[in-house]
Structures are given as structure tokens and as C-alpha cells.
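Comments concern the structure below.
Letters A, B, ... are given to chains in the order of the sequence lines, protein chains preceding strands, and every chain is numbered from 1.
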Amino acid sequence: MNNTLKRDNCDVAIIGAGPAGLAAATALKKAGIESVVVLEREAEAGGIPRHCAHPPYGIREFKRILSGPSYAKKLVDEARNSGVFIALRSTVTKLEQGGHLTISSPEGMKELTAKRVIIATGIRETPRSARLVSGDRAMGICNTGTLQSMFYLKEMIPFRRPAIIGTEIVSFSALSTCKKAGIQPVAMIEEAQQPTIRWPIYHAARLFGVPLFVNTRVAKILGKDRVSAIQVADTNQTIREIPCDGVLFTGQFTPESTLARMSHLELDFRTGSPVVDSFGRCSDPTYFAAGNVLQSTNKPMHVPFYYKQDNLPQSVDVAGTCWHEGKVTGEWIANDLLSQQPSPPEKDK
Amino acid sequence: MTTQSDKTVNKEDAKQLLASTDIAVIGGGVVGCAVARRMALEGASVVLIEKGPDILEGASKGNSAILHTGFDAPQGSLEWECVQKGYQEYLDIHKSFNLPLLKTSALIAAWTEEQEEKFPAIMKKGYDNGVTDLSLLSRTEVLKSEPNLGPDLRAAIRVPREYVIDPWSTPLAYLQQAIENGGQALFNAEVTGGAFDGNTWVLNTKRGQVKASYVVNCAGLYGDILDNSALGHSEFTIKPRKGQFVIFDMAASRLLKTIILPVPTERTKGIVLFPTIFGNITVGPTAEDQDGRDDASVDEDNLKALHTQAIEKIPALANIPITATYAGIRPATEKKEYQIVEDSDRNWITLGGIRSTGLTSALGLARHVHDLLQQQGAQFKALKSPSIPMLPNLAEHLPRDYETPGYGEIVCHCEMVTKREIDAVMEGPIPAGSLGGLKRRTRVTMGRCQGFYCSARLAEITQGKLSEPLGVEDE
Ligand SMILES: Cc1cc2nc3c(=O)[nH]c(=O)nc-3n(C[C@H](O)[C@H](O)[C@H](O)COP(=O)(O)OP(=O)(O)OC[C@H]3O[C@@H](n4cnc5c(N)ncnc54)[C@H](O)[C@@H]3O)c2cc1C
Ligand SMILES: Cc1cc2nc3c(=O)[nH]c(=O)nc-3n(C[C@H](O)[C@H](O)[C@H](O)COP(=O)(O)OP(=O)(O)OC[C@H]3O[C@@H](n4cnc5c(N)ncnc54)[C@H](O)[C@@H]3O)c2cc1C
């Protein structure tokens with residue numbers, strides 16, 4: 001299959017081939033938009049679900065329960081079958097006024113100008129460093145996304161007996177990935193009084209035999225080359241040491257919005273997402289954003305400590321919601337483009 | 001030639017002769033790498049012996065990467081002299097190695113009246129130190145070039161020739177040149193002691209023995225311990241002094257172009273805000289005395305304090321996420337000066353206590369070592385046309401590999417590191433021995449996601465090649 005971008009203009013360019021980007025692209029094609037290009041930096045399209053090898057995905061989109069990878073594949077097939085062109089190994093490095101994109105690809109640097117651009121670059125977890133956690137910087141410290149992609153895509157594991165930090169939904173996925181991979185977590189640590197997601201965490205922690213510590217925070221990570229233990233502190237500041245060979249920081253989602261941050265687009269500094277209107281349109285109306293890269297303040301998420309906005313609930317949209325948002329945004333843009341005076345057709349190069 | 005990453009050392013190998021050379025340099029920090037280079041260029045046969053799996057695993061791992069002019073160095077000191085010489089030689093050679101130079105200049109900023117009162121003394125010291133191009137800027141003048149500095153700023157002294165360099169490619173280039181010109185490097189080879197028979201040293205390492213006519217102790221944070229074990233005494237005691245840093249996301253690079261130095265105190269250069277060669281803005285270092293020579297841990301309270309100070313100086317940093325944190329350890333001693341100790345009866349030179357200017361002064365120190373050896377009677381014939389290695393560019397302001405076709409794939413998306421760059425490093429003359437070494441040679445996983453997206457692929461690519469692997473063995 002041809003995945004190499006050969007053109008320098010298109011109607012709509014979509015950055016990111018996750019559920020949101022693929023849904024938008026498919027919707028645009030179905031609505032009759034001529035040239036729709038998805039730019040994806042990975043060697044494979046599909047986004048985060050590629051390495052979430054657990055159900056339930058696809059209920060909203062396909063009325064079926066699928067695992068992440070088969071869900072991703074279905075979205076990709078649907079987009080391609082509708083005539084969407086997915087350019088792989090195509091990293092967008094710069095956004096400029098007028099829908100002008102710079103792209104790095106193994107064939108060289110490219111430029112692409114689109115009438116509309118959708119930013120659908122997704123979300124990731126906050127790493128240890130940005131949480132300012134004390135201690136050594138040893139091997140074996142990572143996020144759930146790393147654990148999942150290592151195990152499901154490469155059949156490797158980053159540790160055998162990690163401590164899991166956080167009790168969000170994704171922490172639950174982390175537990176189940178550990179279980180599948182034969183990893184035995186030694187503890188689950190939650191700073192709040194209660195797990196963020198109560199039922200499944202209590203249930204899963206018990207089911208997997210993982211002790212759950214609430215009202216507890218990571219005070220220090222120990223280890224010279226590899227993690228050897230963590231020190232945790234309870235509300236009385238009593239320190240307890242838990243031997244482990246890794247630390248899995250789960251959740252505290254933050255948008256992968258660097259492109260927007262480095263561009264002319266206005267950013268909501270509290271969430272880290274581009275500022276959009278009710279149609280998902282950015283401060284430069286050529287640009288839109290959809291999916292989990294978009295965290296509006298009424299869809300609150302992890303807010304870094306330095307904003308001093310404590311106690312905001314953390315949330316991340318599931319794939320189905322991102323897919324829906326992408327679809328709606330795609331349809332809206334199609335409508336908008338088609339209702340305008342048709343511009344003279346531009347020849348492909 | 002390098003030998004590397006033998007994790008299990010056979011007991012019987014301990015007596016094996018690994019090298020027999022004119023010069024043994026102990027320690028693969030920036031100082032050791034520079035000495036190895038200088039002596040190889042002077043025509044000596046050289047071996048660099050490092051206890052870690054890679055170079056730069058000690059003090060040289062984490063510094064501010066500023067090429068200092070020496071405007072505030074102790075007057076008339078050897079440190080001042082080596083900083084001057086090292087600075088000049090770096091400017092002379094960096095282009096031929098493809099090593100970057102970010103011409104930032106520096107501003108010594110006064111935020112209080114008290115600090116401003118120290119300006120005349122700083123200016124005078126600079127002049128006395130031969131840094132005669134310092135100039136005084138008013139608040140308005142400063143804000144013209146750095147409009148994002150905070151409201152408390154009063155005035156500044158401009159130091160036009162303070163620059164930023166690549167702290168890791170630089171020493172790597174030095175050692176690589178030593179190796180290309182006949183030198184040798186041994187890793188995982190901690191020197192545990194040795195004996196001098198009046199002519200030759202026999203050094204015992206964890207991997208075997210090394211014979212050398214002269215020994216240069218560049219063991220940094222372990223300089224005193226090595227002197228004790230090989231010579232029986234040490235003229236100084238290392239007092240490790242940690243410096244922590246907080247690195248802001250690349251988006252911060254719009255907010256600052258210049259190094260912002262504080263008015264220095266007796267003890268340290270103080271907290272600096274500086275652009276890095278990799279396109280970030282960094283704040284640090286702290287100055288914390290501690291016992292641990294290897295304890296480069298970070299702590300939340302100090303990191304938060306640094307973060308707060310950075311925002312006081314550049315308020316807009318409040319909107320920029322934190323990318324990374326790290327710490328370096330200065331090999332300070334009970335004295336302020338460098339501890340250059342010669343035991344000329346035993347052909348031994350110690351370069352100890354190279355505290356906070358070693359990245360700049362290393363080339364100068366290396367020349368000083370050559371002078372001392374000549375005085376001791378050592379004679380070598382300098383190479384006529386030594387070969388010069390070209391280092392891959394990691395600097396953000398210069399063209400990067402991802403902009404050139406044929407790179408295969410981008411592995412690290414935050415720092416835009418290609419598969420071609422990683423392959424070149426793993427197959428290069430001094431292959432990375434640890435993940436840290438690979439980071440320092442390529443920037444891989446150093447960015448905002450800290451490996452979230454690329455660790456899986458990286459684990460696959462580096463399988464079986466790093467001292468401490470990304471993926472652990474299944475049980
Ligand atoms: C670790 C983790 C586990 C999760 N588990 C679940 C789960 O079990 N169930 C669930 O419903 N949701 C889960 N989620 C939420 C997930 O964000 C959504 O399911 C969904 O993937 C979001 O879709 P998206 O299209 O917004 O972004 P993504 O799926 O993240 O896709 C974004 C795409 O953009 C690409 N991209 C980014 N920057 C660029 C660039 N500069 N140039 C080109 N391409 C770029 C990326 O490579 C990626 O393919 C999880 C999220 C994480 C981080
Ligand atoms: C926070 C901080 C900021 C700084 N900022 C700057 C700056 O901006 N500009 C500047 O010019 N300088 C700066 N410096 C100073 C500079 O980093 C140091 O002066 C320099 O790194 C010292 O290098 P070294 O080679 O002497 O020691 P090291 O880097 O510690 O090297 C010694 C090496 O010897 C090895 N070793 C030890 N014992 C043995 C043994 N027995 N056998 C074999 N190998 C052994 C160690 O593993 C190590 O690799 C800074 C330093 C710090 C800590």
C-alpha cells in the first residue's frame with residue numbers, strides 16, 4: 001500500500017490517525033470532500049488503541065465489542081475504503097497561518113497546504129519528571145502507555161514487580177496489562193482518600209492480589225541503575241519503604257499539543273489544549289481540533305501543580321467519544337467547505 | 001579501539017594485561033577525555049580507563065553547559081588560566097568537529113538594590129581577568145533584548161562572550177579524536193590500585209591490568225579515593241556538591257535568548273536561567289553539600305523552589321510545562337582552587353576538585369598536563385596531521401538529521417531522533433554503553449513525554465546492547 005505523501009495541497013489535512021482523526025477523515029470523504037489526507041507519524045495508523053489489547057472498544061461506532069487493535073484496524077480500513085489517504089511516517093513539525101504544514105518524512109522535508117486542518121494528536125500521561133517526584137532517576141520508571149506498547153507491540157516488559165501510582169481508569173488497564181504479561185505489582189498508591197475510580201480498582205486490586213494504599217504519596221524513588229524500592233508517606237508523614245523493580249505512573253493525562261503550543265494558535269494554558277469555539281475551530285479559523293487533544297475547561301483533566309487549581313476531577317475521553325467528536329467536526333467542515341463558492345480545481349502535482 | 005560492556009568479569013581476567021601505554025588517563029569525564037585527546041595529539045600512546053559502562057557517568061553528566069569567559073574566576077589562579085585557554089581552544093576547534101556554539105551572551109542581572117551595588121566590583125574583576133568587553137545596561141536596555149524578564153529587574157552587566165555548548169558531544173568528540181589517533185578506551189574497568197617500579201605503573205582494574213609510564217588521575221568525584229589507593233595519601237578531600245535543574249518545554253525558547261546569571265556569591269555561581277543547545281530553557285543549579293558521591297537524586301522541594309524562582313524572573317514561564325529534571329554533582333573540595341597535584345617521583349598527576357568550570361577549562365587543563373609531563377622529562381612527537389572526527393549535530397539551531405532524507409524512521413518524536421542517528425551511535429567508535437549514554441549522544445527520550453511514545457521501539461532496537469536494558473528478562 002502506498003503511504004507516501006506526494007502532493008503539496010489538499011482540501012483537508014488531519015494530523016494524527018487515532019480514532020478522532022480517522023473518524024473526521026472518513027466523515028469528510030463520505031460528505032463528498034475531494035482530497036482528505038491524514039498525516040501520521042507512526043509506521044502504523046490507529047493511535048492509542050493499537051496497544052490497548054483489551055475490550056471494550058467499538059460499541060458506539062460498530063455496535064460490537066472489540067479489542068483495541070481490532071478496533072484500530074477497523075477504523076483504518078473504513079477510512080481507506082472511503083478514499084482517505086493516510087500518509088505514514090509523516091511527522092508534522094510546524095503549523096503556520098493559512099493551513100500551511102511542514103512535515104518530516106524519511107523521503108525528506110515536505111510542505112502541505114490545506115484549506116482546513118484538524119489537529120487530532122491525542123493525549124498522553126504525565127511522566128515522572130513533570131510530576132517532580134523525588135529520588136533517583138533509575139531504569140524501570142514509565143507510564144501505562146509505555147508498558148502497553150512494550151508488551152502488546154514488542155512482547156517485552158519494563159519490570160516484573162512495579163509499584164503502580166494512581167487509581168484512574170487507565171490504572172485499571174495497567175493492572176490488567178500486568179496480569180497478562182505475568183507482572184506482579186507490589187502496590188497501588190493513591191494520594192487521595194479514595195481511588196479515583198472506586199469500584200473496579202477495589203475489585204481489581206483484590207482480584208490481582210495487589211495491596212492498595214490510599215492517603216499515600218510517593219516520597220522518593222530509590223535505585224542506582226534500576227529501581228530498587230520506593231518510599232511512600234502517609235498523611236502523618238510516616239515513611240514506609242516498598243521494595244520494587246519499577247514505578248508505573250498512571251494517568252494524569254495531558255494533551256499532546258506541542259504543535260499547537262509552538263504555533264501561532266492560541267492555547268488554553270490551564271489545559272494545554274488549543275482554544276476552540278463550539279465547532280472545534282481554533283483562533284486561526286483554518287485550524288480545528290478534535291479528540292483527546294482537546295480538553296476544554298468544562299471537560300477538566302489533570303491540572304499541573306503550578307496552576308494551584310486543586311481537586312479538579314481528572315478525566316479523559318474514551319475512544320468512542322473521540323471518534324464521535326472527530327466525526328462531528330469532519331461533517332461540520334465538509335458542510336462549511338461545500339456551502340462556500342467552489343474554488344477552481346487545483347491540479348495534483 | 002574500545003572494549004565495552006562485559007558485565008560479568010571473570011576473576012582470572014584480573015591479571016590479564018589490557019594495555020601498555022605511555023599515558024594512562026583514569027576517568028572518562030570531560031577532563032579525562034580532554035587529557036586523552038591532548039596527549040594523543042602530542043604523539044603519546046594513551047589509554048583512558050573508566051569504571052562506568054560509558055563516558056560521562058560522573059560530574060560531567062549534568063552541568064549547565066555554559067562556555068565561561070572566566071570573568072569571575074579567582075584572580076591569577078590556575079582555574080582562570082585554564083578557563084581562558086580552554087575557552088579559546090574550543091572556539092578554535094569546534095567547527096572542525098561539527099560541535100555547536102550558541103552565541104547567547106550572558107546578563108548578570110540585578111533584582112535588588114543590594115545586588116546592583118555589587119556591579120562596580122564585578123566589572124572591575126572582569127577587567128582584571130581580561131574580560132574587557134563587559135558593559136552596563138539599564139533596565140530599559142535589558143528589556144529591549146529580553147522583554148520577558150520580570151518586573152523586579154533593575155539593571156544588568158552584559159557579558160557578550162558567554163556561550164552555550166553541547167555538554168555531551170564535546171567530551172565525546174575529545175575522546176573520539178584520541179581514539180582515532182591511536183588511543184584506547186576501557187570501560188567497566190574501575191582502577192582499584194597500582195604499583196610504580198620506578199619506571200612503569202601497573203594499574204589494577206576490575207577487568208585486568210594496565211601498564212603505563214605516566215598516570216593522570218581524572219577521577220573527578222573519586223579523585224581523592226584514587227590517590228589514596230594508588231599513592232597512599234591525598235592532598236584534598238572531595239566534598240560533593242549537588243546541583244539540581246528543572247528543564248522547561250521547548251515552547252519556552254521564545255521567552256529567553258540570553259543566559260541570565262545572578263550576582264555571584266562567594267560560594268557558588270548561583271541560580272542561572274539559560275537556553276540549552278537542545279532548544280529548552282533550564283533553571284538551576286542548586287548548591288547542596290552532601291556525602292554521597294553518586295547521589296544525583298532530585299527532590300521535590302528544591303525542584304519546586306527552582307520553578308518558583310524561574311517564574312519570578314520570567315513570569316510567562318508559568319504557562320510552560322516542565323519537561324525534565326536532573327542533578328549533577330560538583331567535585332568540590334575543602335578548598336576553592338583546583339587541586340592539581342604532582343607526584344613527579346612517581347610519574348603521577350592528579351587533576352582534582354575541578355568543581356564548576358571543568359567543561360570550559362578541560363582543554364586548558366589538558367595543555368597544562370602536557371606542560372607538566374614535559375617538565376617531568378616526558379618526550380613525545382606531536383602528530384603532524386591528526387584525524388578529526390565529525391560529530392553528528394544535536395543542536396536545535398542547526399540542521400538536524402530528521403531534515404535530511406533517508407533517515408528510516410523517527411524513533412523519538414519529542415526530540416525528533418531518527419533511527420539512523422541511533423544506529424550510527426550504536427555502531428560508532430565509542431558505542432553507547434547505557435541508556436544515559438544513548439540519550440547524551442542522540443537526545444532520545446529526553447523530551448516532554450520522557451519515553452511514553454518511543455520506549456517500546458527503543459527497547460527493541462537496543463536489546464542486548466545496554467548495560468541496564470529497557471526491557472527486563474522474562475522469568
Ligand atoms: C495509556 C492510555 C491508555 C488508554 N486506554 C484507553 C482505553 O482502554 N479505552 C479507551 O476508550 N480509551 C483509552 N485511552 C484514551 C485514548 O486517548 C482514546 O481512546 C483515543 O485513542 C483518543 O483518540 P485520539 O484520536 O484523540 O488520539 P490518539 O489515539 O492518541 O491518536 C493521536 C495520533 O496522532 C499522532 N500524532 C501526534 N502528533 C503527531 C504529529 N506531530 N504528526 C503526525 N502525527 C501525530 C499519534 O502518533 C497518534 O497516532 C487511553 C489513553 C492512554 C494514553
Ligand atoms: C551542577 C553543575 C553545573 C556546572 N556547570 C558548568 C558550566 O556551565 N560550565 C562549565 O564549564 N562547567 C560546569 N560544571 C563543571 C563541570 O561539569 C565539572 O567541572 C566537570 O564535569 C568535572 O569533570 P571531571 O572529568 O573532573 O569529573 P567526572 O565527570 O566526575 O569524571 C570522572 C570520571 O572518573 C570515573 N572514575 C572515578 N573513579 C574511577 C576509578 N577508580 N577508576 C576508573 N574510573 C573512575 C568516573 O566514573 C567518572 O566518569 C558544572 C558542574 C555541575 C555539577
Side-chain angles (χ1 to χ4, degrees), chain A residues 41-43 51 89 91 93 104-109 124-143 145-146 148-154 156-160 181-182 219-222 224-226 245-246 254 256 258 261-262 267 269 272 304-307, chain B residues 246-247 249-251 254 294-304 307-308 311 318-327 402-410 413-414 416 418-419 434-436 447-457 459-460 463 467-475:
Chain A
R41 65 187 180 185
E42 297 287 349
H51 56 68
R89 291 198 171 144
T91 308
T93 58
S104 170
S105 80
E107 308 84 50
M109 296 301 287
R124 60 174 166 80
E125 296 160 284
T126 302
R128 176 263 178 100
S129 59
R131 301 177 189 220
L132 301 189
V133 175
S134 302
D136 295 315
R137 297 177 314 125
M139 295 284 266
I141 304 170
C142 67
N143 290 125
T146 302
Q148 289 183 339
S149 51
M150 244 170 130
F151 178 63
Y152 290 122
L153 303 179
K154 309 291 177 194
M156 296 172 87
I157 51 171
F159 37 53
R160 287 185 217 96
K220 195 168 185 185
I221 298 175
L222 307 176
K224 196 174 166 321
D225 296 322
R226 182 164 292 279
D245 70 348
T254 182
E256 177 68 353
T258 302
R261 192 182 284 277
M262 299 289 278
L267 210 78
F269 289 119
F305 73 90
Y306 32 89
Y307 295 118
Chain B
V246 171
I247 306 177
D249 188 80
M250 284 191 207
R254 292 179 187 159
D294 293 320
D295 176 11
S297 61
V298 292
D299 75 87
E300 194 178 337
D301 293 344
N302 273 299
L303 296 174
K304 281 190 172 165
H307 187 259
T308 306
I311 291 171
N319 292 330
I320 307 284
I322 291 168
T323 289
T325 61
Y326 68 98
Y402 74 82
E403 295 166 87
T404 312
Y407 61 67
E409 72 186 272
I410 288 171
H413 295 295
C414 301
M416 298 295 281
T418 69
K419 173 88 170 15
S434 60
L435 179 64
R448 52 186 74 89
C449 91
Q450 295 279 300
F452 175 93
Y453 290 110
C454 72
S455 290
R457 180 72 176 124
E460 182 179 48
Q463 208 164 9
S467 61
E468 194 61 48
L470 278 145
V472 297
E473 302 277 305
D474 254 322
E475 280 187 327

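- Residue B:D301 does not touch chain A at all, counting heavy-atom pairs closer than 4.5 Å.
- Interatomic distance, CG of B:N302 versus CG of A:L132, reported as 11.0 Å (0.5 Å rounding).
- Between A:S104 and B:Y407, the shortest heavy-atom contact is OG-OH, 2.8 Å.
- Taking CD1 of B:I410 as the reference point, atom OG1 of A:T91 lies at 3.5 Å (rounded to 0.5 Å).
- Looking at every heavy atom in both residues, A:S134 comes nearest to B:D299 through OG-CA, 3.3 Å.
- A donor-acceptor pair is defined here as one N or O able to donate and one able to accept, closer than 3.5 Å; no such pair exists between the side chain of A:R137 and the backbone of B:A296.
- Among B:Q463, B:K419, B:E300, the residue making the largest number of heavy-atom pairs under 4.5 Å with chain A is B:E300.
- Of the atoms belonging to B:T323, it is backbone heavy atoms, and not side-chain ones, that fall under 4.5 Å from chain A.
- Smallest separation of non-hydrogen atoms from B:T325 and A:S129: CG2-O, 3.8 Å.
- Taking CG of A:D225 as the reference point, atom CG of B:L435 lies at 11.5 Å (rounded to 0.5 Å).
- For B:Y326, the ring-ring contact (aromatic ring centres under 6.0 Å, His included) partners at least two apart in sequence or on another chain are B:F245.
- For the set B:C449, B:A324, B:G406, B:C414, the entry with the most heavy-atom pairs within less than 4.5 Å of chain A is B:C449.
- Chosen from A:K220, A:R128, A:K224, A:E107, the residue pairing most often with chain B at heavy-atom distances under 4.5 Å is A:E107.
- In this structure, chain B has heavy atoms under 4.5 Å from both the backbone and the side chain of A:E125.
- Using a 4.5 Å cut-off on side-chain heavy atoms (C-beta onward), B:R457 and A:K154 make contact.
- We find the CG-CZ distance between B:N319 and A:R261 to be 8.0 Å, quoted to the nearest 0.5 Å.
- Heavy-atom pairs under 4.5 Å with chain A peak, among B:M416, B:R254, B:E409, at B:R254.
- Heavy-atom pairs under 4.5 Å with chain B peak, among A:P158, A:P127, A:G135, A:C142, at A:G135.
- For the pair B:V472/A:R226, a side-chain contact is recorded, criterion being any heavy-atom separation below 4.5 Å from C-beta on.
- Heavy atoms only, all atoms of each residue included: B:S297 and A:D136 are closest at CB-OD1, 3.4 Å.
- Atom CD of A:E256 sits about 9.0 Å away from atom NE2 of B:H413, to the nearest 0.5 Å.
- Using modelled atom types, no side-chain atom of B:Y402 and backbone atom of A:P106 make a donor-acceptor pair closer than 3.5 Å.
- Of the atoms belonging to B:M250, heavy atoms from both backbone and side chain fall under 4.5 Å from chain A.
- Chain B forms more heavy-atom pairs under 4.5 Å with one residue of A:R89, A:R124, A:M139 than with any other, namely A:R124.
- With chain A as partner, the option from B:L303, B:T404, B:V298 having the largest number of non-hydrogen pairs under 4.5 angstrom is B:V298.
- In this structure, chain B has heavy atoms under 4.5 Å from both the backbone and the side chain of A:M150.
- To the nearest 0.5 Å, atom OG1 of residue A:T254 and atom CZ of residue B:R448 are 10.5 Å apart.
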